[in-house]
Structure formats: C-alpha cells, structure tokens
Amino acid sequence: FAQKDVFQLKDLEKIAPKEKGITSMSVKEILQSLVDDGMVDTDRIGTSNYFWAFPSKALHARKRKLEELESQFAESSQKKETLQKSIEKSKIGREDTAERAALLKELAALRQKKEQLKTEIDKYRECDPDVVEEMRQTNQVAKEAANRWTDNIFSIKSWAKRKFGFEESRIDKGFGIPEDLDYID
C-alpha cells in the first residue's frame, strides 16, 4: 500500500527484510498467504510473476462488504417488523378470558376422550372386517411363498438324486430338511 507499485518476488525479497523486518526466507510464504486471502493481487506476465496491492482496492472491498451487511440488516429489520405485526395480529381474539379458559379446558377433555376411544378401538381392531381381510390376503401370499420354496426344495432334491446318485434321506440329513416336509394346504 505504501509504495503503490508493482513488484516481482525477487524485489520483495530484497525490500521486505530492510523495510518491514521480515526474513527473506519467509517472504514467499507470507506473500502467498496474502494472495490466498485476497489482500495482494498477482498475475503472470511472460515468465515473471508480478504482485501488487493498491489502497483503493481494499477501500472498495470494504465498501462492498459494508453495503452487503447494510442490506442484510435492512432485510432482517423488515422481517422482524413483519413477524411483530403477525404476532400482534394473531393475539387478537386470544385474550385470556373466562370463556376462553373454559373452552380450552373442554378442548383438553375432548382430546383426552378421543385418545381413550382410540385405545378402545385398537382393542377391537382384530375383529375389524378390513383387518381380517388384510390378514387373509397376507396369509395367502405367505402360503404361496412357502409352497413355492417347498417346490424349489423338491426340485433340487430330485436334481441332486439324478446328478450325484444320493439317497433322499442323505440329502435331507445333509441340508437339515425335515422328513415331514410337504406343501401347505
């Protein structure tokens, strides 16, 4: 900022130890961190890298940040105002009166009764025709699946008998198949 000029790395390595007391070994690291933070600009022209930082850029960056923060503040203030109005509007008609208290008490009693009725309905749920029909359909699907797997087991057993010449009792014992395995009616 002080010199308002453009520099190469070798120039900065000479100037920084004299003017700012920075060791010449760490100039490159410090410069790179300043470039990464956006405080110093850099550009490659030909085979050389040039570095610069002008005070006007920092001023513009701060102005932009200030404008952004001010707009966020204005939006937040507007939102707060809207919410305050909404709160005031919703409070209308909700003043604590004896009638309101009685209605709230009645509402709580009705909600409790509703829960009691729900639990009572759940007790008799297994007698509900829809539930019984759903159980029948589920049972039918399960029965079909069991019969399909039983059929698969019989198919594999017959294949193993043909292919390897094993006895049926040996196959049952080896795979843990019960002797009374049969289709479900």
Side-chain angles (χ1 to χ4, degrees), residues 32-42 57-185:
Q32 187 59 47
S33 85
L34 289 172
V35 167
D36 291 344
D37 292 342
M39 297 175 71
V40 173
D41 293 318
T42 183
K57 181 184 178 199
L59 177 68
H60 288 297
R62 276 183 256 151
K63 279 183 180 179
R64 254 192 327 272
K65 184 70 173 172
L66 180 64
E67 288 170 359
E68 182 181 317
L69 291 173
E70 284 175 346
S71 70
Q72 287 177 356
F73 178 74
E75 286 178 22
S76 297
S77 297
Q78 181 69 26
K79 190 173 182 179
K80 180 185 172 195
E81 245 179 71
T82 306
L83 290 173
Q84 287 288 3
K85 288 177 183 177
S86 175
I87 289 171
E88 293 300 320
K89 188 185 262 187
S90 64
K91 282 184 178 180
I92 296 171
R94 291 188 180 195
E95 293 83 19
D96 289 333
T97 62
E99 182 184 353
R100 178 173 166 75
L103 289 173
L104 286 174
K105 191 173 182 181
E106 183 182 345
L107 178 64
L110 290 172
R111 282 185 178 159
Q112 185 178 5
K113 185 170 182 164
K114 177 184 172 189
E115 288 301 317
Q116 288 174 348
L117 292 173
K118 270 189 173 182
T119 56
E120 192 172 330
I121 286 173
D122 287 342
K123 282 187 215 174
Y124 301 115
R125 181 170 177 83
E126 59 196 37
C127 297
D128 184 9
D130 294 337
V131 174
V132 171
E133 184 58 34
E134 186 179 327
M135 286 173 61
R136 280 190 186 133
Q137 289 175 355
T138 304
N139 288 342
Q140 183 63 30
V141 169
K143 182 179 168 184
E144 289 171 2
N147 284 334
R148 185 173 45 251
W149 280 104
T150 304
D151 192 37
N152 290 343
I153 290 170
F154 286 145
S155 296
I156 289 176
K157 279 173 55 174
S158 71
W159 176 80
K161 275 197 268 183
R162 275 192 324 249
K163 181 81 173 173
F164 301 109
F166 289 140
E167 297 174 18
E168 190 168 331
S169 61
R170 192 171 166 200
I171 293 172
D172 290 346
K173 187 176 181 184
F175 290 104
I177 300 171
E179 292 178 19
D180 59 346
L181 178 72
D182 203 0
Y183 293 101
I184 299 171
D185 292 328

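- Proximity of Asp182 to Thr150: side-chain heavy atoms (C-beta onward) are nowhere separated by under 4.5 Å.
- At distances below 3.5 Å, at least one donor-acceptor pair connects side-chain atoms of Thr138 with backbone N or O atoms of Glu134.
- At a threshold of 4.5 Å between non-hydrogen side-chain atoms, the residues Lys123 and Thr119 do not count as touching.
- Here the rule is side-chain contact (heavy atoms from CB on, under 4.5 Å) with Thr82, and of Gln78, Lys85, Lys80 only Gln78 fits it.
- Each of Glu106, Lys105, Arg100 was compared with Leu103 under the side-chain contact (heavy atoms from CB on, under 4.5 Å) criterion, and only Glu106 meets it.
- Using a cut-off of 4.0 Å between Lys/Arg side-chain N and Asp/Glu carboxylate O, Lys157 and Asp172 are scored as salt-bridged.
- In Phe154, the CZ atom is crowded: over 12 heavy atoms of neighbouring residues, nucleotides or ligands sit closer than 6.0 Å.
- By the 4.5 Å heavy-atom criterion applied to side chains, Ser158 and Arg162 are counted as neighbours.
- Using modelled atom types and a 3.5 Å distance limit, the side chains of Glu120 and Gln116 yield no donor-acceptor pair.
- In plain terms, the two heavy atoms of Asn147 and Ile184 that are nearest each other are OD1-N, 2.7 Å.
- No more than 12 heavy atoms of other residues, nucleotides or ligands shown are found within 6.0 angstrom of CD on Glu99.
- Going from atom CD of Glu144 over to atom CH2 of Trp149 covers 15.0 Å, rounded to the nearest 0.5 Å.
- Counted within 6.0 Å of CD on Gln72, heavy atoms from surrounding residues, nucleotides or ligands total more than 12; the atom is thus considered enclosed.
- For the atom pair CD of Glu168 and CD of Glu179, the computed distance is 9.5 Å after rounding to the nearest 0.5 Å.
- Shown here for Ile171 and Phe166, the closest heavy-atom pair between the two residues is CG1-CB, 3.7 Å.
- Rounding to the nearest 0.5 angstrom, the gap separating the CG atom in Leu107 from the NZ atom in Lys114 is 10.0 Å.
- The side-chain heavy atoms of Asp151 and Tyr183, taken from C-beta on, include a pair separated by under 4.5 Å.
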